[in-house]
There are 2 protein chains.
Amino acid sequence: MPVPLYQAKAEFFRMLGHPVRIRVLELLQDGPVPVRDLLAAIDVEPPNLSQHLAVLRRSGIVTSAREGSSVVYQLAGGDVADLMRAARRILTAMLTDQHDLLEELRSSDVGTP
Amino acid sequence: MPVPLYQAKAEFFRMLGHPVRIRVLELLQDGPVPVRDLLAAIDVEPPNLSQHLAVLRRSGIVTSAREGSSVVYQLAGGDVADLMRAARRILTAMLTDQHDLLEELRSSDVGTP
DNA sequence: TAGGCAATTGCGAATATTCGCAAATCCATA
DNA sequence: TATGGATTTGCGAATATTCGCAATTGCCTA
């Protein structure tokens with residue numbers, strides 16, 4: 001019996017739910033990047049980055065390949081950029097709503113009609 | 001100083017990272033739904049659902065309103081369906097890749113060339 | 001083949017999530 | 001105003017994540 005789809009989706013989103021992993025995925029969007037460069041870009045200790053990379057690898061969203069003495073990561077497939085765009089749209093909408101609400105509260109400080 | 005964008009994104013995805021919350025968002029896509037109906041649809045205890053609804057509310061992705069003796073939830077804005085579609089595309093691509101790899105392994109069981 | 005850099009793994013402690021149960025709230029209506 | 005259904009809140013226990021540090025592995029080059 002297969003894993004219910006909503007559970008697979010939840011695991012997928014949970015996998016995305018860490019700042020370091022988000023940054024890695026963003027850095028990989030323009031093509032393969034060696035771990036060395038990720039380390040230089042992300043303010044995180046090597047073992048810690050490695051663990052986050054392992055999470056991404058296990059989920060299947062990235063693949064890794066040895067190249068000489070270094071290891072290069074790349075997106076496995078699918079349009080991650082598209083997902084990030086969708087997320088950004090929603091985040092923007094949410095923040096805008098909150099902002100609008102704030103404005104509303106500000107302009108009507110005498111209570112509800 | 002604002003929260004770094006990648007952290008906001010991570011929090012957003014983490015908020016999505018639970019099966020019950022995914023199901024709620026899916027159920028809300030066709031319009032507002034009272035808690036009662038969510039409870040009937042989702043196999044979860046009332047207090048537990050309520051806590052997940054609180055997570056969604058705090059993040060701002062849904063809003064709630066009292067209607068008589070019941071409470072109705074709805075999506076706050078932004079195109080959540082779009083996000084789900086993007087996620088589904090990536091999940092599909094990932095599963096396809098894995099499937100392809102499996103086929104490959106199956107058809108070449110004599111070892112690497 | 002010894003030494004060194006790059007990356008990963010193992011593991012324990014700190015922290016965060018999740019869940020169930022009891023209790024509290026909010027409304028409608030008797 | 002008392003009763004009852006619907007939802008939320010408050011915790012404590014169980015579980016899962018995250019992080020740092022030591023140790024290990026893989027590969028290049030002296």
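Residues from residues 40-49 of chain A placing a heavy atom under 4.0 Å of any atom in DNA chain C, listed by number, are A:Pro46, A:Pro47.
Both A:Val35 and A:Val33 sit in one connected hydrophobic cluster of ILVMFWY residues. Membership requires side-chain heavy atoms under 4.5 Å apart, directly or through other members. Note on B:Ile42 and B:Leu56: same hydrophobic cluster, where clusters join Ile, Leu, Val, Met, Phe, Trp and Tyr whose side-chain heavy atoms are under 4.5 Å apart, directly or indirectly. The hydrophobic cluster containing A:Tyr73 also contains A:Val80, counting ILVMFWY residues as joined when their side-chain heavy atoms lie under 4.5 angstrom apart, directly or transitively. Hydrophobic cluster membership is shared by A:Val62 and A:Val44, with clusters built from Ile, Leu, Val, Met, Phe, Trp and Tyr side chains linked at under 4.5 angstrom.
Contact of the A:His52 side chain with the A:Asn48 side chain is registered, since non-hydrogen atoms from C-beta on lie closer than 4.5 Å.
The backbone N or O of A:Met15 lies less than 3.5 Å from a partner atom in the side chain of A:Arg21, making a donor-acceptor pair. Put simply, the side chain of B:Ser50 never gets that close to the backbone of B:Pro46: no donor and acceptor are under 3.5 Å apart.
With DNA chain C read from its 5' end, the first of the two nearest nucleotides for A:Gln51 and A:Val72 is the one closest to A:Val72. If B:Leu53 and A:His52 are placed on DNA chain D by their nearest nucleotide, the residue sitting closer to the 5' end is B:Leu53.
Taking side-chain N and O atoms only, A:Ser69 has no distance below 4.0 Å to OP1 or OP2 of D:dC28.
Counting non-hydrogen atoms under 4.0 angstrom, B:Ser50 reaches a base of the nucleic acid.
Protein chain B touches strand DNA chain C; the 5'-most and 3'-most nucleotides with an atom under 4.0 angstrom of its non-hydrogen atoms are C:dT17 to C:dA28.
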